[in-house]
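Order of appearance sets the numbers: ligands from 1, and atoms from 1 within every ligand.
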Amino acid sequence: MNIPFVDLAEQQRRIRSDLDLRIAKVLDHGGYILGPEVAELEAALAALASCRHAITVSSGTDALLALLMAKGIGPGDGVFLPSFTFTATAEVVLQCGATPVFVEVDPQTFNMDPDHLGEMIAETKRQGDLRPAAVIPVDLFGQPADYQSISKLAGDNELFVLGDAAQSFGASYHNRAVGSLVEATATSFYPAKPLGCYGDGGAIFTDDDELAAICVSLRAHGQGEGRYDIVRLGLNARMDTMQAAVLLSKLTIFEDEIQRRRYVAAHYNKRLAGLVETPVQMPGAASIWAQYTIKLPHRDAVAAQLREQGIPTQIYYPLPMHLQPAYAPYGQGVGSLPVSEQLCQEVLALPMHPYLDEATIDRICDALVEAQQSI
Ligand SMILES: *Cc1c(COP(=O)(O)O)cnc(C)c1O
């Protein structure tokens, strides 16, 4: 039997009647844009993230972009980001006219290496072409980045810290919720993320009243007091009401799903410890386990054998950002970020979702170990 990589069908079965009711309600009131569900969702998200403002937007990418625009990041600004990430983290920097500065990641946690960030800030200052303006730590695979070290460096160098929490909403760091860890945070509700809607969606989190007001304006074309009063260059980046209704329904089981994800990760860890390189958690970090990513030699051969047995895997990510054709002009080429480059050769994400049972995890682990031994 084929195992799903992410099982959205099982989740839907759990909430289907509630979903139907909420969607019917939107059809009845007809407020498809910024309907009442959007405000209800924003209040619920702000409470979960323990922060003053949650502003829903049309995607995680737009959440990142709106925050960079709100802070006036643009031409001449250097924005530091890990090279081992999803493309959106780099894309938004260029979208607003700034220049990406690629930073190495830690080989164990896959998150931004603060020591290398310090080196790249110093190097950027020495070269003098760019003003070090912002840093975008990414909570890769659901584990919060090393915010303590990064925030210290950012404070010393007056950098805006924008957390890319597209994969980590629901996680925490030293018992503080993602969304309340730095000045501004962006998350995504893409269907396969730990909290996903049935389309594109995202949210911005901040305690800063002024920044929040600017983001509310930016997501609606840069509106001022009146609808046709355009006070800044904006975006069409609102979340639609249907997606808010879907997310409200999913929130009713989110806490339970977080616990299930942690259980699945713990069971994988138990089964794979000592056999492959299992994911490493930083002290104080409570991951939401968006992905369960191992490192292994002969990754592609192992993945091929698993596929034959109906076990899907994914490679997040096959190429670091500094080597992507679109971003290579801003990087230093092959060999410049060896950890990121090596990870792209070795990482393998195993099926991960809240509805994986022990027997299925055991089957995946047995097949994995067998494949590894046969190579
Ligand atoms: C998914 C993702 C995004 C973008 O989110 P979308 O909602 O798909 O636009 C940004 N950064 C990271 C790290 C992601 O995984």
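- Taking the six-membered ring for Trp and the full ring otherwise, F141 and F110 have centroids separated by under 6.0 Å.
- When P82, A203, A166 are checked for heavy-atom proximity to atom 12 (C) of ligand 1, A166 turns out nearest.
- Considering L67, L64, I73, V79 as possible partners of C96, the one that fulfils the side chain to side chain contact (heavy atoms under 4.5 Å, CB included) test is I73.
- Heavy-atom distances between D200 and ligand 1 stay at or above 4.0 Å for every pair.
- Near V138, the atoms of ligand 1 lying under 4.0 angstrom from a non-hydrogen atom of the residue are 13 (C).
- Heavy-atom proximity to K193, at under 4.0 Å, picks out these atoms of ligand 1: 1 (C), 2 (C), 3 (C), 14 (C), 15 (O).
- Per-residue contacts place S59 under 4.0 angstrom from the following atoms of ligand 1 (heavy atoms of the residue considered): 7 (O), 9 (O).
- Each of R22, R16, R14 was evaluated against D18; a single residue qualifies, R22, per the salt bridge (charged side-chain N to carboxylate O under 4.0 Å, His left out) test.
- The atoms of ligand 1 that sit less than 4.0 Å from any heavy atom of Q167 are 13 (C), 14 (C), 15 (O).
- Around atom 4 (C) of ligand 1, the closest heavy atom drawn from T61, T85, I136 belongs to T61.
- Here E123 pairs with R126 in a salt bridge; the nearest charged N to carboxylate O distance falls below 4.0 Å.
- Ring pair F205/F169: centre-to-centre distance below 6.0 Å.
- In this structure, G201 has a heavy atom closer than 4.0 Å to ligand 1.
- Between K71 and D77, no side-chain nitrogen of the basic residue sits less than 4.0 Å from a carboxylate oxygen of the acidic one, so the salt-bridge criterion is not met.
- For atom 13 (C) of ligand 1, the nearest non-hydrogen atom of the protein is D164 OD2, 3.5 Å.
- Rounding to the nearest 0.5 Å gives a distance of 9.0 Å between OG1 of T252 and CG of L248.
- A side-chain N or O of D357 and one of T360 form a donor-acceptor pair less than 3.5 Å apart.
- Looking at G196, G199, A186, S188, it is S188 that brings a heavy atom closest to atom 5 (O) of ligand 1.
- Within the set A63, S168, G60, P191, the minimum heavy-atom distance to atom 6 (P) of ligand 1 is found for G60.
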